[in-house]
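First comes the structure, then the notes that go with it.
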Amino acid sequence: MRARVKAWVEFLGDQFWLRPALVVLGCIGLAQFAVWLETARIAGYDASSPDADWGWAGGAEGARALLSAVASSTIGVAGTTFSITIAALSLASNQMGPRLLRNFVRDARNQVVLGIFLGTFAYALMVLRTVRTVEEQPFVPHLAVSGAVVLALACLGTLIWFVHHIATSINVETVVDAVHHDLCEAVRRRTLDAADLRRPLETPEGGATAAKAEGGYLQAVDVGSLADWARENGVMVSLRARPGDYVPTGFPVAFLSAGVEGATDAVSRALTFGRRPAALQDLEYSVRQLVEIAVRALSPGINDPMTAGSVLDHLGDALCRIAPRHLPTGTVARDGRVVLIQPVTDYAGLCDAMFLLIRQNASGSVHVLARMLDVLARVAEVERLTDRLAVLRRHADLVAAAARRDVSDPHDLADLVERHASFVKAQTRDGFVVP
């Protein structure tokens with residue numbers, strides 16, 4: 001249930017309307033409160049000492065004109081900000097890939113800016129309806145009108161800041177850095193301080209089918225509740241999909257070591273599916289976003305190897321952060337007995353997700369191939385586990401093979417071969433590899 005709630009909260013974060021709606025409701029409540037203070041004579045304009053009053057001191061006609069101007073101008077600027085946001089989303093989709101749109105839509109700053117303009121419009125309307133002239137039993141909410149002036153000035157500053165924010169947020173380095181931050185957070189949450197349990201040699205694969213899922217992306221797994229259920233029923237559950245995988249309709253997502261009544265319902269309650277992948281429990285989610293930026297940068301239409309090199313640097317930093325930590329094995333035990341096994345991302349799979357597509361699309365790009373070798377060498381200097389070093393060595397060999405096949409310039413090829421030789425020498429020198 002906890003994983004399902006977290007997936008629901010993340011889904012709400014993808015809704016562009018949520019924060020603006022909350023800001024609008026807050027501004028409506030503020031308008032009602034300001035008018036109430038005036039009617040209750042708790043605060044407002046003091047006619048006996050107008051020189052000491054710092055707020056709105058005009059009449060009903062002036063208040064109506066001011067509130068009408070604030071409402072009409074803010075709704076017009078709200079449309080402008082929405083147009084700017086759409087233009088930024090279109091540019092990001094063309095230059096960096098449609099999957100990066102999620103980062104722009106989830107940006108709370110864009111949502112709050114739109115909410116401020118719409119909220120000011122709603123505030124002005126709510127106050128405007130209370131203004132009455134002499135013919136209508138005169139009433140002017142001076143405090144509330146003063147609040148409209150303050151909100152209008154806040155909108156002015158917000159518009160200036162928003163233009164600056166959009167101009168910087170569509171910069172590719174800013175986008176790469178933001179996705180890299182998400183990847184570092186995923187590394188922190190999805191890796192362990194100590195080694196996890198070893199996977200058992202015998203698994204219940206081929207046993208009783210536990211559940212057949214509806215089609216969709218697996219977004220989250222409630223490991224705790226599923227493991228507790230397996231312990232209570234004395235069975236071992238083996239999941240066949242991990243968060244981020246697409247599960248077709250009718251696919252058996254889990255096997256049990258023995259048939260148990262109610263197993264389908266129990267497994268279904270622990271799995272959360274959606275129409276799109278989610279970053280909640282998927283370590284490779286941000287990796288795929290970074291790789292997509294690099295692959296698009298290497299396309300003939302864009303031809304930006306510098307961006308691909310920057311992506312490789314950030315991927316290397318993520319691997320260096322993983323070096324002192326342990327990846328989960330997907331094994332969960334209760335009372336000393338393994339009750340749940342789930343597929344997880346291992347180090348080899350993570351490196352494949354990071355480097356394979358970039359290397360395949362960097363054919364003939366000396367800059368990108370050389371940068372990849374440099375990144376692998378730096379990660380190898382930080383890493384101490386022999387199995388991980390073997391994975392890095394495999395990717396370095398693949399880069400060297402791609403260079404010999406695709407690089408035609410003898411000088412560039414010699415440089416790449418030398419870099420590869422230096423990597424191999426550094427990896428195998430005495431005292432470097434620690435089992």
Side-chain angles (χ1 to χ4, degrees), residues 2-3 6-7 9-10 103 176-200 217-227 238-245 270-272 277-292 311-334 338-358 375-395 427 433-435:
R2 184 179 302 176
K6 290 182 178 179
V9 171
E10 181 162 340
N103 299 56
V176 170
D177 185 68
V179 180
H180 172 253
H181 178 268
D182 293 340
L183 177 57
C184 293
E185 282 296 307
V187 168
R188 183 184 63 82
R189 295 194 312 266
R190 307 304 301 170
T191 57
L192 308 174
D193 296 327
D196 202 1
L197 296 173
R198 290 183 177 272
R199 294 180 71 92
Y217 286 96
L218 180 59
Q219 296 180 337
V221 179
D222 194 344
V223 175
S225 64
L226 187 57
S238 176
L239 296 179
R240 303 182 62 200
R242 62 184 179 182
D245 290 346
L271 306 181
T272 302
L280 184 60
Q281 295 182 357
D282 187 4
L283 182 58
E284 296 183 13
Y285 186 89
S286 298
V287 172
R288 290 193 294 269
Q289 288 186 324
L290 286 173
V291 170
E292 182 174 6
V311 168
L312 287 172
D313 290 337
H314 286 82
L315 292 175
D317 178 77
L319 288 178
C320 289
R321 293 172 184 265
I322 294 176
R325 301 182 63 80
H326 300 268
L327 292 173
T329 61
T331 304
V332 182
R334 290 289 188 271
V338 175
V339 295
L340 176 63
I341 304 171
Q342 60 175 337
V344 292
T345 300
D346 57 7
Y347 193 82
L350 190 62
C351 289
D352 289 345
M354 289 180 174
F355 299 121
L356 285 182
L357 274 178
I358 298 179
V375 168
L376 290 171
R378 291 168 185 167
V379 175
E381 290 186 17
V382 177
E383 188 58 67
R384 288 296 182 268
L385 296 179
T386 53
D387 55 342
R388 294 183 179 180
L389 287 170
V391 173
L392 298 174
R393 169 70 178 273
R394 177 171 63 87
H395 281 280
Q427 184 184 353
V433 178
V434 179

Hey, what do you get for [atom1] ([X]) to [atom2] ([Y]), rounding to the nearest 0.5 Å?
X	Y	atom1	atom2	answer
Leu350	Met354	CG	CE	4.0 Å
Asp222	Leu271	CG	CG	9.0 Å
Leu218	Leu239	CG	CG	8.0 Å
Arg190	Gln281	CZ	CD	5.0 Å

Neighbour count >12 (heavy atoms, 6.0 Å) for atom CZ, Arg198: no

Are side-chain heavy atoms of Asp352 and His395 found at a separation under 4.5 Å? yes

Any side-chain heavy-atom pair from Val291 and Ile358 closer than 4.5 angstrom? yes

Walk me through it: do Asp317 and Leu183 pass the test side chain to side chain contact (heavy atoms under 4.5 Å, CB included)? CA-CA 10 Å; Asp317 178 77; Leu183 177 57; over 6 Å; no

Identify the heavy atoms of [X] and [Y] that sit nearest to each other, and give their distance.
X	Y	result
Ala227	Val332	CB-CG1, 3.7 Å
Cys320	Val382	SG-CG2, 3.9 Å
Tyr285	Ala279	CD2-CB, 3.5 Å
Cys351	Leu392	SG-CD2, 4.3 Å
Val375	Gly316	CG1-CA, 3.5 Å
Ala380	Leu389	O-CD2, 3.7 Å

Under the side chain to side chain contact (heavy atoms under 4.5 Å, CB included) rule, what do Tyr217 and Asp282 come out as? Steps first, then yes or no, please. CA-CA 11 Å; Tyr217 286 96; Asp282 187 4; over 6 Å; no

List the atom pairs, with distances to 0.1 Å, where a side-chain N or O of residues 322-330 and a protein N or O form a donor-acceptor pair under 3.5 Å, not counting sequence neighbours.
unit_1, atom_1, unit_2, atom_2, d
Arg325, NE, Thr191, OG1, 2.5
Arg325, NH1, Asp193, OD1, 2.6
Arg325, NH2, Thr191, O, 2.9
Arg325, NH2, Asp193, OD1, 3.3
Thr329, OG1, Asp196, OD2, 3.4
Thr329, OG1, Leu197, O, 2.4
Thr329, OG1, Thr331, OG1, 3.4

Partner set under salt bridge (charged side-chain N to carboxylate O under 4.0 Å, His left out) for [X], not counting sequence neighbours:
X	result
Arg188	Glu185
Arg378	none
Asp387	none

Please set out all donor-acceptor pairs under 3.5 angstrom arising from side-chain atoms of residues 338-348, sequence neighbours excluded.
unit_1, atom_1, unit_2, atom_2, d
Thr345, OG1, Arg242, NH1, 3.1
Thr345, OG1, Glu284, OE2, 3.3
Asp346, OD1, Gly349, N, 2.7

For His314, the side-chain hydrogen bond (donor to acceptor under 3.5 Å, both in side chains) test, sequence neighbours excluded, returns none

When you look at Thr272 and Leu280, which way does the side chain to side chain contact (heavy atoms under 4.5 Å, CB included) test go after all the steps? CA-CA 11 Å; Thr272 302; Leu280 184 60; over 6 Å; no

